[in-house]
Structures are given as structure tokens and as C-alpha cells.
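The sequence lines fix the lettering, A, B, ..., with proteins before strands; numbering per chain opens at 1.
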There are 2 protein chains.
Amino acid sequence: MKLPKGKRLTKQRKVILEALKGVKTHPTADEVYDMVRKSLPKISLGTVYRNLDILCEMGLIQKLDIAGRQKRFDGNPKPHCHVRCIECGRVCDVDYEPSIELKSKNFSGFKVLGYSFDFFGICPECQLALDGDSDM
Amino acid sequence: MKLPKGKRLTKQRKVILEALKGVKTHPTADEVYDMVRKSLPKISLGTVYRNLDILCEMGLIQKLDIAGRQKRFDGNPKPHCHVRCIECGRVCDVDYEPSIELKSKNFSGFKVLGYSFDFFGICPECQLALDGDSDM
DNA sequence: ATTTCTGCAAACGATTTGCAAGTAA
DNA sequence: TTACTTGCAAATCGTTTGCAGAAAT
């Protein structure tokens, strides 16, 4: 792994990156904290936040700009679409590639750098839970 | 204006709605607070937050699920695309209608209810400011 | 009259930060 | 050996909430 100048490869940083790469979910910072505490019980939540930001700057992971109070992190830094459960907040990858035709659109003078296209709905688990509720 | 049962039309609620309808920007709660304090100097920020949520429930406005620390509010409740400036956070409407073909896509078992499609980039003002910086 | 609503202030949850001690390079 | 990092705790930021008085129905 090549590091930017002045950045060090600490045990904490390595464990956080491996935890995120080893999972297909899109955990929040405190979920990452719980994951890495198994191997680094003394790590602090502040360190997790700091390293998640640094790994984003390094382009190894991404912070998702998706609804919900807590930010979520994705071990895959390549832009792609997600679905978010409006009940539990769970985020999953989606096999969908939007076809964007930007010609002759009014962008109010903005220099457009990219886009985010995300779906929302109810995840399988919450569908079951909601169905169960309506039976009672 | 028809109100849901148990909801009252207070002066504060009316002024907040008119402020948001009368503007093409997408202000944050505290920007709305500043706007309405001109006519209601004693209004509290808590009241602004409460009424913005209620106006959302009533379907008269919408809360934008767009990046940035603060939520933004839109006097137009109809779903539509936005551009967001990554420098200053400003949000503008975009004349763009995505063509979504959802057939045979993998949504991980989610019941999909909708989507949000937003662009990001640099607004005209921040382009000028950044150009100015690079000249110095 | 009865409920909803308001202003105020305190509480809250997520994230950031200052600092002294620890550690990678 | 020196600059970056850590753990800890306090601070900050945006938003929510409890409550007693005020206002809409």
C-alpha cells in the first residue's frame, strides 16, 4: 500500500481498512468501532473517525453521501449506486448503472463534477417485521 | 390551505411556509430562522424546526436528503434533481429528468419506493472565488 | 374549554478537537 | 529523533425535547 507523504501505516489504520474491505455492508463509524475493537480493544472512537477520513483522502474507501443521521463508509471507493432502507438505515449495493445524458441541461452555471444516484425502500428484514406487525 | 386533523394554522407556521415558497434557494433551518425573524422577531429556532417537519408531513414542502451537515428545505414538494456546491453547500434546482429503467436489476430484495439523483460540483460564485485564489 | 403550539433552555447524538504520551519512520 | 498518531475527554454542531404559559379551534 502506498501512503501519501507524511502518513504512517499504524496498526489502527490497517485494521480499520481491513475491517471495511472485508465486509459487504456499509457500516457507520461506530459500527466500524465495534468491529475493530475485537482486535484492538483499546482503540478510541475518535481514532476511528480520524482514520476513516484519512482513508477517504487516500482514496481507499469512500464516505457515503446518503440520507440518515450517521454517515456510512464503503470499502469500495469506486462510485456506484446504493439502496437504503428507510426503516433501519441499512445500505446495500445495487446493480444499476444510470444512463446520464447531460447535453443541453440547465445546471445554473455550476461546474458539474459528478452525481449520486441512490434508491430508497424497505429491506427484506424490515418487510418481514412490518408484515408481522400487521398480522397482530 | 387544508390542514390535517389536529393541526392548527398558526402565524409562525404560515410565515415559515410563505418564506420557503417565496424563495428559489434551498435554505437550512437556521437560514429559514433568519428569514422569518424579520417579521416574527420572537420566534425560536425550535419552532422553526418543528414547523418545517410538520410542513413536510403535510406535503407542502420537502426536506432534502442531500450531502452536507445541515439539512436543507425545498418549498417545492415535488421530487426533482438538484446540484450542490461542494465548496459552499449551496443547492440549486436542475433541469434534468433521469430515465430510469429498473427492469431486471438486483436490488437485494428491497422493496424500492423511490430514488434521489443529485449532482455535485462548483457553483458560479465559488468558481470565481477559486480562480481569484489561484491568481494570487 | 380544550388541545395544539410557542419560546426557552436543557438534552441529545454524531462528529471533531486539544493535548500529553506513544510510536512509526 | 522527530513528526505523525493515539487515547482520552471536553467541545462543538445540528437537531430534538420537556415544560409552563399562550393561542387557535
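Rounded to whole angstrom, the span from the CG atom of A:L52 across to the P atom of D:dT6 amounts to 11 Å. Separating the CG atom of A:L55 from the P atom of D:dT5 is a distance of 11 Å, rounded to the nearest angstrom. For B:K14 and C:dT4, the NZ to P distance is 20 Å, given to the nearest whole Å. Between A:D53 atom CG and D:dC4 atom P the separation is 18 Å, expressed in whole Å. B:E31 places its CD atom 15 Å from the C1' atom of D:dC13, with the value rounded to the nearest Å. Atom CG of B:L45 is separated from atom P of D:dC13 by 14 Å (rounded to the nearest Å). We find that NZ of B:K71 is positioned 14 Å from C1' of D:dT16, with the value rounded to whole Å. We find that CG of A:L17 is positioned 17 Å from C1' of D:dT5, with the value rounded to whole Å.
Heavy-atom distances to DNA chain C give each of A:G46 and B:T47 a nearest nucleotide, and the one nearer the 5′ end belongs to B:T47.
Of the possible polar contacts, one joining the A:Q127 side chain to the B:G109 backbone as a donor-acceptor pair under 3.5 Å is found. Judged by distance alone, the side chain of A:R84 and the main-chain N or O of A:A67 form a donor-acceptor pair under 3.5 Å. Under the 3.5 Å distance criterion, the side-chain polar atoms of B:K21 are matched with a main-chain donor or acceptor of B:L60.
At least one side-chain nitrogen or oxygen of B:Y49 sits closer than 4.0 Å to the OP1 or OP2 atom of D:dT15. For the OP1/OP2 pair of C:dG7 and a distance below 4.0 Å, the side-chain nitrogens and oxygens of B:Q12 include at least one atom meeting the criterion.
Ring planes of B:H26 and B:H82: perpendicular class, angle over 60° (limits at 30 and 60°). A parallel orientation is assigned to the rings of A:F117 and B:F117, their planes being inclined by less than 30° (bins at 30° and 60°).
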*Summarise how protein sits on nucleotides 19-25 of chain D as a single string, 5' to 3': B when a protein heavy atom is under 4.0 Å from the base, S for sugar-phosphate-only contact, - for no contact.*
----BBS
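Separating the CD1 atom in B:I16 from the OH atom in B:Y49 is a distance of 12.0 Å, to the nearest 0.5 Å.
A salt bridge is defined here as a Lys NZ or Arg NE, NH1 or NH2 lying under 4.0 Å from an Asp or Glu carboxylate O, and A:K63 with A:D74 fails to meet this definition.
The side chain of A:R13 sits closest to D:dT6 out of D:dT6, C:dT15, D:dT16. Comparing C:dA14, D:dG14, D:dT6 against the side chain of A:Q70 picks out C:dA14 as the nearest.
The end-to-end axis angle of the helix from C:dA1-D:dT25 to C:dA25-D:dT1, rounded to 10 degrees and based on five pairs per end, is 40°.
If you look at B:F119 and A:F107, their ring centroids are closer than 6.0 Å.
Nucleic acid contact for B:D30: none, since no nucleic acid atom lies under 4.0 Å from a heavy atom of the residue.
Under the 4.5 Å side-chain criterion, counting only non-hydrogen atoms from C-beta, B:D65 is not in contact with B:D118.
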